[in-house]
Amino acid sequence: PTAQISAGAGYSGQDKLVGNFGLGIPNFRGMGQNLSFSIDVGSSFNSYSLSFTEPWLFSTPTSLGTNIYSTNRRWYTDYTEGRRGGSVQLGKRLKWPDNYFRFYTMYRLEKNRLYDFSDSYLESHSDIDTLKYYMSGTEKIIGAIIRGRPISGSLLAYQKQWLTASSMQISIVRDSRDLPEFATSGSIISYAIENNGNFLGGYWNYQKHSLEISKYIPLFWKFVLAGKITYGAIATSAGDNRILESDRFSPGGTGYDGSVRGYDDGVLTPDSLTSDIITHVRYTDSTLSHSDSSFADTLYSEVRVHGKFMLIGNLELQMPIVENQIYALLFFDAGNSWLRASDMKLKDLYKGIGFGVRLVVPPIGTIGFDFGYRLDERKGEKQGWRLHPQFGTTIR
């Protein structure tokens, strides 16, 4: 076929409902090349992308892909991140150590900015300058909090600025699964290292390491035990303020960084306590022209800080009800993120258990509903159930 039009919709806890429209030429120039244009539009996410893929470069098992994109994503009601840029990727199938290995390298150049911060984020990430009082028998507040400069390390320092990200990623993958979804045997091992900045230029400057290991073990009848371990680490010599926030780790729920069902998306972060010195001024008249005293006080607030290290484990028992159409599963998840490698402890992993169902719905794909029960209390959230709608499989 030489032309293809697609339309659909998807849902996730982070992006909510997103509609999609795509126009593709899967046999561009009659040589198996793919040229496509896609639009994704939703309340929290929108994206425009133009891509081209050559699957058989120089008559060898080597692929070459290019992509130009523009995206805007709302992160957990805190702020919106905009990205404009492009990437080039080269992939090759290897014959050593065996035929299951593939190698990929990608270069990405983009501009990004953070904007549209919520009022709660502005309040918790700004210094407080003054809080004024009027004294007339009883204490009465007549002033208001005056927000000053962003606190140290706050994303407000980057507000509305377009900053350059120049990065190169190298990854190697070994995939021996017998099926792309609901595999019954085999494994996936992948390792990726991404370098941002340094000799590549740009504002952001750090290295990101990602390791994933998945294993599928056939049991009795057609039951399959699937397990996955995900580890991530970020290192920088330029300071934490040179790490792009969306590249840091915030697992939880069925979020991008990793699934820990039973918890809200992206909440398993090493939140830190910040403090600000505020000055209270006492006035003796309503004109605020005569003060009789003043004193300093300390105000503490909690700030969401995404992690630089992450560890997640997932275990699922997958059971086909109608093979290749309906699957039931039982799961156990555990994970967390930390600011320092020395803080990583298995006892600090947040754990969840539950059950779910997957429905294969052509041509939409695989949709699922997981019911997770959080086993650990976190910040006043008691043990309880949570529903996680999602598309695709958790372990892949």
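Predicted model only: the values in this text are computed from it and were never measured.
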Colleague: Assess the side chains of Asp333 and Ser259: does a donor N or O sit below 3.5 Å from an acceptor N or O?
Modeller: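 No.
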Colleague: Report yes or no: do Leu179 and Ile321 belong to one cluster of Ile/Leu/Val/Met/Phe/Trp/Tyr joined by side chain heavy-atom distances under 4.5 Å?
Modeller: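 Looking at the clustering, Ile321 is in a separate group from Leu179.
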Colleague: Walk me through whether Arg248 and Thr269 qualify under side-chain hydrogen bond (donor to acceptor under 3.5 Å, both in side chains).
Modeller: CA-CA 10 Å; Arg248 297 176 70 150; Thr269 64; over 6 Å; no
Colleague: Run the numbers on Glu245 and Ile243 for side-chain contact (heavy atoms from CB on, under 4.5 Å), then give the verdict.
Modeller: CA-CA 6 Å; Glu245 186 75 2; Ile243 301 174; over 6 Å; no
Colleague: If we check side chain to side chain contact (heavy atoms under 4.5 Å, CB included) with Arg358, which of these qualifies: Glu181, Gln390, Gln318?
Modeller: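 Considering Glu181, Gln390, Gln318, a side chain to side chain contact (heavy atoms under 4.5 Å, CB included) with Arg358 is found only for Gln390.
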Colleague: Check the hydrophobic clustering (I, L, V, M, F, W, Y; side-chain heavy atoms under 4.5 Å; chains of links allowed) and say if Tyr69 and Phe37 are grouped together.
Modeller: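 Cluster IDs for Tyr69 and Phe37 differ.
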Colleague: Less than 4.5 Å apart, side chain to side chain, heavy atoms only: is that true for Arg177 and Ile188?
Modeller: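 Arg177 reaches Ile188 side chain to side chain.
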Colleague: Are Asn112 and Tyr203 linked by a side-chain donor-acceptor pair shorter than 3.5 Å?
Modeller: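 Per modelled atom types, Asn112 and Tyr203 side chains form no pair under 3.5 Å.
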Colleague: If you measure from CG on Leu50 to CG on Leu35, what distance do you get to the nearest 0.5 Å?
Modeller: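 Those atoms lie 6.0 Å apart.
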Colleague: Can any side-chain N or O of Arg93 pair as donor or acceptor with the backbone N or O of Asn99 at less than 3.5 Å?
Modeller: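 No, the answer is negative, given that no donor and acceptor are paired below the 3.5 Å cut-off.
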Colleague: Within this structure, what is the CD1-CD distance for the pair Ile25 and Gln4, rounded to the nearest 0.5 Å?
Modeller: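 Rounded to the nearest 0.5 Å, the CD1-CD separation comes to 10.5 Å.
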Colleague: When you measure from the side chain of Arg74 to the backbone N and O of Asp116, does any donor-acceptor pair fall under 3.5 Å?
Modeller: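 Pair found, side chain donor or acceptor close to backbone of Asp116.
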Colleague: Quick one: closest heavy-atom pair of Arg242 and Tyr206, and the distance?
Modeller: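 That would be O-CD2, 3.3 Å.
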Colleague: In the structure I gave you, are the side-chain heavy atoms of Leu359 and Thr366 within less than 4.5 Å of one another anywhere?
Modeller: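 No, side chains not in contact.
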Colleague: Does Glu110 pair with Arg83 as a salt bridge, N-O distance under 4.0 Å?
Modeller: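 Yes.
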Colleague: Should we count NZ of Lys345 as having more than 12 external heavy atoms under 6.0 Å?
Modeller: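 Above 12, so yes.
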Colleague: State whether the side chain of Ser337 and the backbone N or O of Leu268 hold a donor-acceptor pair below 3.5 Å, judged by distance alone.
Modeller: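 Yes.
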Colleague: Dump the intermediate steps for side-chain hydrogen bond (donor to acceptor under 3.5 Å, both in side chains) on Glu194 and Asn196, then the final yes or no.
Modeller: CA-CA 6 Å; Glu194 180 181 342; Asn196 286 267; 3.2 Å; yes
Colleague: If you count heavy atoms of other groups shown closer than 6.0 angstrom to OH of Tyr100, is the number above 12?
Modeller: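 Result for OH/Tyr100: open.
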Colleague: Could you pull out every donor-acceptor pair under 3.5 Å between side chains of residues 210-223 and any protein atom, sequence neighbours left out?
Modeller:
from: Ser214; atom 1: OG; to: Arg396; atom 2: O; distance (Å): 3.1
from: Tyr216; atom 1: OH; to: Ile395; atom 2: O; distance (Å): 2.8
from: Lys222; atom 1: NZ; to: Glu323; atom 2: OE1; distance (Å): 2.6

Colleague: Determine whether Ile312 and Phe331 fall in the same hydrophobic cluster, where Ile, Leu, Val, Met, Phe, Trp and Tyr are linked whenever their side-chain heavy atoms lie under 4.5 Å apart.
Modeller: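 Unlinked, Ile312 and Phe331 end up in two clusters.
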Colleague: Are there over 12 heavy-atom neighbours, none belonging to Ile229, within less than 6.0 Å of that residue's CD1?
Modeller: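 No, the 6.0 Å shell around CD1 holds no more than 12 heavy atoms from other groups.
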Colleague: Picking from Arg386, His388, Arg378, what satisfies side-chain hydrogen bond (donor to acceptor under 3.5 Å, both in side chains) with Asp264?
Modeller: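 Between Asp264 and the candidates, side-chain hydrogen bond (donor to acceptor under 3.5 Å, both in side chains) is satisfied uniquely by Arg386.
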Colleague: I want to check something: taking the side chain as every heavy atom from C-beta on, are Tyr48 and Asn46 in contact at a cut-off of under 4.5 Å?
Modeller: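 Yes; the side chains approach each other to less than 4.5 Å.
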Colleague: Regarding Thr80 and Arg113, is there a side-chain donor-to-acceptor distance under 3.5 Å anywhere?
Modeller: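 Per modelled atom types, Thr80 and Arg113 side chains form no pair under 3.5 Å.
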Colleague: Give the C-alpha distance, both sets of side-chain angles, the deciding distance and a yes or no for side-chain contact (heavy atoms from CB on, under 4.5 Å) between Ile189 and Val173.
Modeller: CA-CA 6 Å; Ile189 303 174; Val173 179; over 6 Å; no
Colleague: Any donor and acceptor pair, going by atom type alone, linking the side chain of Gln207 with main-chain N or O of Asn195 inside 3.5 Å?
Modeller: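 No: the side chain of Gln207 does not pair with the backbone of Asn195.
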Colleague: Using the six-membered ring wherever Trp is involved, compare the ring planes of Phe355 and Phe371 and label them parallel, tilted or perpendicular (cut-offs 30° and 60°).
Modeller: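 Geometry flag for Phe371 against Phe355: parallel rings.
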Colleague: Taking the side chain as C-beta and beyond, is there a heavy-atom pair between Phe249 and Ile234 under 4.5 Å?
Modeller: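 SC-SC contact between Phe249 and Ile234 confirmed.
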Colleague: Using a 3.5 Å distance criterion without hydrogens, assess whether the side chain of Asp265 forms a donor-acceptor pair with backbone atoms of Thr254.
Modeller: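 Flag set: sc Asp265 to bb Thr254 pair under 3.5 Å.
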Colleague: Below 30° counts as parallel, above 60° as perpendicular, anything between as tilted: where do the rings of Phe117 and Tyr79 land?
Modeller: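 Tilted.
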Colleague: Under 4.5 Å between any side-chain heavy atoms of Trp75 and Ser246, yes or no?
Modeller: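 Answer yes - side chains close enough.
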Colleague: What's the spacing between Asp78 CG and Ser118 OG if we round to 0.5 Å?
Modeller: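 It is 5.0 Å, given to the nearest 0.5 Å.
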Colleague: Heavy atoms, side chains only, cut-off 4.5 Å: are Leu57 and Leu90 in contact?
Modeller: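 Yes, at least one pair of side-chain atoms sits under 4.5 Å.
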Colleague: What are the two closest heavy atoms between Ser166 and Leu109, and how far apart are they?
Modeller: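 It is CB-CD1, 4.0 Å.
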Colleague: Starting at CD of Gln169, measure out to OG of Ser87 and round the result to the nearest 0.5 Å.
Modeller: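 The OG atom of Ser87 is 10.0 Å from CD of Gln169, to the nearest 0.5 Å.
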Colleague: Show me the pairs that pass salt bridge (charged side-chain N to carboxylate O under 4.0 Å, His left out) and involve residues 48-60, at least two apart or across chains.
Modeller: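 Passing the test, one end in residues 48-60: no pairs.
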Colleague: Within the supplied structure, the quantity of interest is the number of heavy atoms (other residues, nucleotides, ligands) at a distance under 6.0 Å from Ile68 CD1; does it exceed 12?
Modeller: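 Not buried by this count: 12 neighbours or fewer within 6.0 Å.
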Colleague: Side-chain contact test, heavy atoms from C-beta onward, threshold under 4.5 Å: evaluate it for Phe332 versus Lys351 and give yes or no.
Modeller: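 With C-beta onward as the side chain, the pair touches.
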Colleague: At what distance, to the nearest 0.5 angstrom, does OG of Ser63 lie from CD of Gln89?
Modeller: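 That separation rounds to 6.5 Å.
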Colleague: List the atom of Leu339, the atom of Pro270, and the distance in Å for their closest heavy-atom pair.
Modeller: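 Where Leu339 meets Pro270 most closely, the heavy atoms are CG-CG, 3.7 Å.
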Colleague: Minimum heavy-atom separation for Asp370 and Val357, please, with both atom names.
Modeller: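 Result for this residue pair: OD1-N, 4.1 Å.
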Colleague: Using the side-chain contact (heavy atoms from CB on, under 4.5 Å) rule, take Ile170 and Phe103 through it: C-alpha gap first, then chi angles, then the decisive distance, then the call.
Modeller: CA-CA 8 Å; Ile170 296 174; Phe103 172 84; 3.5 Å; yes
Colleague: Assert yes or no for the condition that the ring centre distance of Tyr158 to Trp204 is strictly below 6.0 Å.
Modeller: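 Yes, close enough.
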Colleague: Starting from the C-alpha separation in whole Å, work towards a yes-or-no answer on side-chain hydrogen bond (donor to acceptor under 3.5 Å, both in side chains) for His209 and Tyr191.
Modeller: CA-CA 8 Å; His209 303 262; Tyr191 170 72; 2.8 Å; yes
Colleague: Measuring from Phe45:CZ to Asp40:CG, what's the distance to the nearest 0.5 Å?
Modeller: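 Spacing of CZ (Phe45) from CG (Asp40) equals 5.5 Å.
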Colleague: Which heavy atom in Ser49 sits nearest to a heavy atom in Asn67, and how many Å separate them?
Modeller: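 Nearest heavy atoms, Ser49 then Asn67: OG-OD1, 2.7 Å.
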Colleague: Say whether Val322 and Met319 are linked into one hydrophobic cluster, either directly or through other cluster members, by side-chain heavy-atom distances under 4.5 angstrom.
Modeller: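 Linked, Val322 and Met319 end up in one cluster.
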Colleague: Quick one, Arg261 and Thr394 - any side-chain contact, counting heavy atoms below 4.5 Å?
Modeller: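 In short, these two side chains touch, coming nearer than 4.5 Å.
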Colleague: For the hydrophobic clusters of this structure (ILVMFWY residues joined by side-chain heavy atoms under 4.5 Å, transitively), does one cluster hold both Leu163 and Tyr115?
Modeller: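 Each belongs to a different hydrophobic cluster.
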Colleague: Asn205 side chain to Gly197 main-chain N or O, any donor-acceptor pair under 3.5 Å?
Modeller: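 It does not hold such a pair.
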Colleague: Run the numbers on Met310 and Asn336 for side-chain contact (heavy atoms from CB on, under 4.5 Å), then give the verdict.
Modeller: CA-CA 6 Å; Met310 179 184 71; Asn336 202 358; over 6 Å; no
Colleague: Ignoring hydrogens, what is the shortest heavy-atom contact between Leu311 and Trp338? Give both atom names and the distance.
Modeller: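 Looking at all heavy atoms of both residues, the closest pair is N-CZ3, 3.7 Å.
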